[in-house]
There are 2 protein chains.
Amino acid sequence: MAKARTATITDVARLAGVSRAAVSKVIRDAYGVSPAMRERVNGAIEQLGYRPHVAARAMRGASYTLGIELPHNISNPFFAKVLDGAMDALEGTPYQLILAPVGTGSDHGARALEALVDRQVDGIVAISPLVLPSWLERLAARTPVVMLGRHDHSVAYDTVTGDDTTGAHLVMEHIAGLGHRRIAHLTRNEETTRPSTGNPHAVRLEEYLAYMREAGLAERIRVARTGPSQEAARRDTLALLREGRPTAVFAGNDELALGAMHALSDLGISPAETSVAGYDNVEIAGHPAISLTSVDQDGVLMGRQAVRLLLERIEGRTEVTHFRVEPSLRIRSSTRPAPPDPAT
Amino acid sequence: MAKARTATITDVARLAGVSRAAVSKVIRDAYGVSPAMRERVNGAIEQLGYRPHVAARAMRGASYTLGIELPHNISNPFFAKVLDGAMDALEGTPYQLILAPVGTGSDHGARALEALVDRQVDGIVAISPLVLPSWLERLAARTPVVMLGRHDHSVAYDTVTGDDTTGAHLVMEHIAGLGHRRIAHLTRNEETTRPSTGNPHAVRLEEYLAYMREAGLAERIRVARTGPSQEAARRDTLALLREGRPTAVFAGNDELALGAMHALSDLGISPAETSVAGYDNVEIAGHPAISLTSVDQDGVLMGRQAVRLLLERIEGRTEVTHFRVEPSLRIRSSTRPAPPDPAT
DNA sequence: TTGAAAGCGCTAACAA
DNA sequence: TTGTTAGCGCTTTCAA
C-alpha cells in the first residue's frame with residue numbers, strides 16, 4: 001500500500017510518464033503542449049484526483065485569491081449586495097475571495113489591507129476605506145487595487161463608484177419639490193464625511209449643503225451625526241427630533257433611513273408629517289410596509305464590476321479605469337408633500 | 001542600494017545576526033527562545049517591517065486561513081449575522097476568512113469545499129450544505145470542520161445549531177393559541193427539506209407537520225414551496241392564497257415571511273385577517289413598520305461560536321462538541337387572534 | 001538554547 | 001515540444 005498522501009504534481013508526472021514542468025504547463029493552460037501530452041496528463045490528473053496546491057503555486061506564481069476589504073457591518077444589506085456581485089463574477093474562475101474586515105481601530109483599514117498583502121492576493125477590492133490615498137497608491141503599485149465607492153481618481157488604481165452627487169441631488173430636488181424647506185440630513189460622523197476622503201457619505205453631505213444653500217435654505221441646514229447602525233440612527237434621530245422638527249429627513253443611506261423611520265414611529269409621527277428618504281435602495285425599501293423613497297444604485301453590479309476590473313488587470317490591462325454607476329430615484333410613500341409650515 | 005524586495009526571514013536573520021530557524025521560532029512564539037534573542041529578532045523585524053509570507057508558511061505549517069462555505073444569498077441578513085460573528089471571533093488572531101459560495105450547481109457544495117481544501121485552510125465552517133454526511137466526514141478527517149445549522153450529530157465534526165424543533169414548536173403553539181386552525185407552512189423546496197439532510201428547514205417542517213397532526217389538524221396541513229428569496233416567497237404566497245385562504249402562515253424564515261407579507265399586502269389582506277410568523281428574528285422584523293413575529297436565534301453568536309470551535313480544534317482539542325443555541329419567540333403584531341372561521 | 005540542512009509543491013528559466 | 005534545474009520563503013527535524 002502506498003501512503004495515503006494527497007497526490008502532487010510529481011505523482012501526476014510519474015504516472016503520465018512526463019516531467020513536472022509538463023504537468024505544470026497543462027494545468028496552467030500554458031503555451032507549448034502537444035494535444036497528446038495534454039491528454040495523457042489530464043488522464044493522470046483525473047485518475048489520481050490531483051488538485052494543485054494553492055500555497056505552492058502562490059510561492060512562484062499566482063495565489064488565485066482576491067482580497068476584499070470591507071466595513072465590519074455586513075449587516076448593511078448594501079454591502080451584502082456588493083459581496084454577492086463580487087462572488088458572482090468569480091464563479092467559474094479559479095479565484096476565491098478572502099475577507100478582510102476593517103476593525104474598529106484607528107488604522108483606517110491599513111491592517112486589514114496588510115493582511116491581504118501577506119496572503120499574496122492577486123488583487124484587492126477595497127470598499128471605501130479611510131486610508132490615505134498615498135498609502136493606497138503605494139499598495140496599488142505592487143498589487144492591482146479597485147476602490148469601490150470612493151471618489152478620488154487616482155492613476156494608480158481603478159475605481160467603481162456611484163454618482164453620489166447626482167443621487168443626492170435627485171433626493172433633494174424631489175423633497176424640495178414636495179414643498180419641504182426644513183430638511184435635515186442624517187449622516188455618519190465627521191471623520192467619515194471629511195471631504196478629502198471622497199467617501200460617498202461625504203459627497204452626499206456636500207450635495208445636501210450645496211442644494212440647501214442654492215435653494216436659499218442655508219439657515220435651515222441641519223446635519224445630524226450618527227453611527228453606521230439602524231439602532232444608532234434611531235437614537236440620534238430621536239435626539240434630532242427633540243431639538244426641533246424637520247419636515248423631511250434625508251438619510252445618508254437606507255440603514256440610517258430605517259433607523260429614522262423607527263424613531264418617527266416611536267414618537268407617533270406619521271410619514272405625512274415627516275418625510276424620510278434614503279440611499280442604496282436595499283430590498284426592504286421596496287417592501288410595501290416600509291415603502292422608503294431611496295436612490296437605487298446597483299450594488300451587485302458594483303461588486304461584479306470591481307472584480308471584473310481586477311481580473312482584467314491581472315490579465316494584463318495597464319491603463320486605469322473608472323467605472324461609474326448611474327443612480328436613479330425610487331419614489332415611494334415615505335416622502336409626501338410638506339405639511340403647512342407653522343413657522344412661515 | 002539594495003533591491004526593493006520585501007523583507008524575508010533571511011533578511012531578518014541576517015540583520016539580527018541569528019539563524020532563520022531562530023526567527024521562525026520567534027514569530028511562531030515557539031518553545032525555546034531566550035528573551036535576549038527574542039528581543040533582537042523583534043527589533044530586526046520591526047526595523048525591516050518584516051511580515052511573514054503566508055503562502056510559504058502554508059507549505060510547511062499553517063495557512064492561517066479559515067474557510068467558510070455559505071449559500072450564495074448573503075442577502076439574507078441572517079447569514080450576514082453569522083458572517084459578522086465569524087469575523088468577530090477572528091479579530092486579533094492571525095487568521096483570515098476565505099469565502100466559498102455554494103454555486104447553483106447540483107454538487108451540493110462539494111466544489112466549494114474542495115476549493116477550500118486546495119487552499120489548505122486550517123479549518124472550515126460549512127453553513128448547512130446539502131453534501132452527504134459521509135463526504136463531510138471524509139473531509140473532517142483531514143481538516144477541522146464545524147457544521148452550522150445542520151442537525152446530524154457526527155462524531156467527525158463539531159456542530160452549531162439552533163433548536164429548530166423547539167423554535168418551530170413555539171411558533172405553532174403561539175399561532176394555534178391565537179385560535180388559528182388553517183395554518184399554512186411556507187418552506188423551501190423538497191430537496192432542501194428532505195428529512196435526512198438535517199437542514200433547519202427540514203426540522204421546522206417536521207415540527208409543523210407533527211404539531212398539526214397532534215392538534216387534530218392533519219387535514220388542514222398545507223405546505224407551500226418556494227425559493228430562497230423574498231421575491232420568490234411573494235410569488236408563491238400569491239399562488240397559495242389563490243388556492244384557499246389560510247388564516248396564518250408560518251414561514252420557514254424571515255426572508256420568506258417578508259415575501260409572504262408582501263403578497264398579503266398586494267392583495268390588500270390585513271394582518272388581522274392573516275397572521276404571519278417567521279424565523280431568525282432578523283433586524284427588520286423588529287422594525288415597527290414590519291413588526292414580524294419571529295423566532296430569535298443569535299446568528300452572531302452562532303458564527304462566533306463556530307469559529308471558536310474551529311480555533312479550539314486547531315489548538316488541539318479532539319473530542320467532538322455540539323453547541324446549541326436556544327431559540328426564543330418574539331411576539332409582534334404580525335400575529336393576531338384568528339378571525340372567525342367561516343368553515344367551522 | 002541555537003543553528004544547519006533538508007524539503008514542502010510548485011513555476012520559470014533555460015537547454016535539449 | 002519537452003525536460004532539467006534552480007529556487008520561492010518558510011518550518012522542522014536533528015545535531016551542536
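A note on names: the letters A, B, ... follow the listed sequences, proteins ahead of strands, and every chain is numbered from 1.
Under the ring-ring contact (aromatic ring centres under 6.0 Å, His included) criterion, the residue pairs touching residues 12-67 of chain A are A/Tyr64-A/Tyr95, with sequence neighbours excluded. Within the structure, every pair that satisfies the salt bridge (charged side-chain N to carboxylate O under 4.0 Å, His left out) test and touches residues 135-154 of chain A, not counting sequence neighbours, is listed here: A/Arg150-A/Asp152.
Applying a 4.0 Å cut-off to non-hydrogen atoms, the residues of residues 20-27 of chain B that approach DNA chain D are B/Arg20, B/Ala21, B/Ser24, B/Ile27, listed by residue number. For DNA chain D, the residues of residues 38-60 of chain A within the heavy-atom distance limit of 4.0 Å (strictly under) are A/Met59, A/Arg60, sorted by number.
Here the P atom of nucleotide C/dT11 and the CD atom of A/Gln120 are 15 Å apart, to the nearest Å. In this structure, CZ of A/Arg119 is placed 22 Å from P of D/dC8, rounded to the nearest angstrom. In this entry the distance linking CG of A/Asp118 with P of D/dC10 reads 10 Å, nearest Å. With rounding to whole Å, A/Ile9 atom CD1 is found 11 Å from C/dA12 atom P. Atom-to-atom, OH of B/Tyr64 to P of D/dC10 comes out at 12 Å; the value is rounded to the nearest Å.
Panel note: side chain B/Asp11, backbone B/Thr8; a donor-acceptor pair is recorded below 3.5 Å. Listed for the A/Arg28 side chain is a donor-acceptor partner under 3.5 Å among the backbone atoms of A/Ser24.
For A/Arg38, the salt bridge (charged side-chain N to carboxylate O under 4.0 Å, His left out) test picks out A/Asp29, with sequence neighbours left out. Take B/Arg317 and apply the salt bridge (charged side-chain N to carboxylate O under 4.0 Å, His left out) test, not counting sequence neighbours, and it matches B/Asp158, B/Glu312.
Residue-environment remark: CD (A/Glu46) stays at or below the threshold of 12 foreign heavy atoms within 6.0 Å.
When distances run from any side-chain atom of A/Arg28 to the nucleotides D/dT2, C/dA12, D/dT12, the shortest one goes to C/dA12.
A sub-4.0 Å separation between OP1 or OP2 of C/dT2 and a side-chain N or O of B/Ser34 is present.
Between A/Leu70 and the choices A/Leu83, A/Val82, A/Val102, the side chain to side chain contact (heavy atoms under 4.5 Å, CB included) rule is met once, by A/Leu83.
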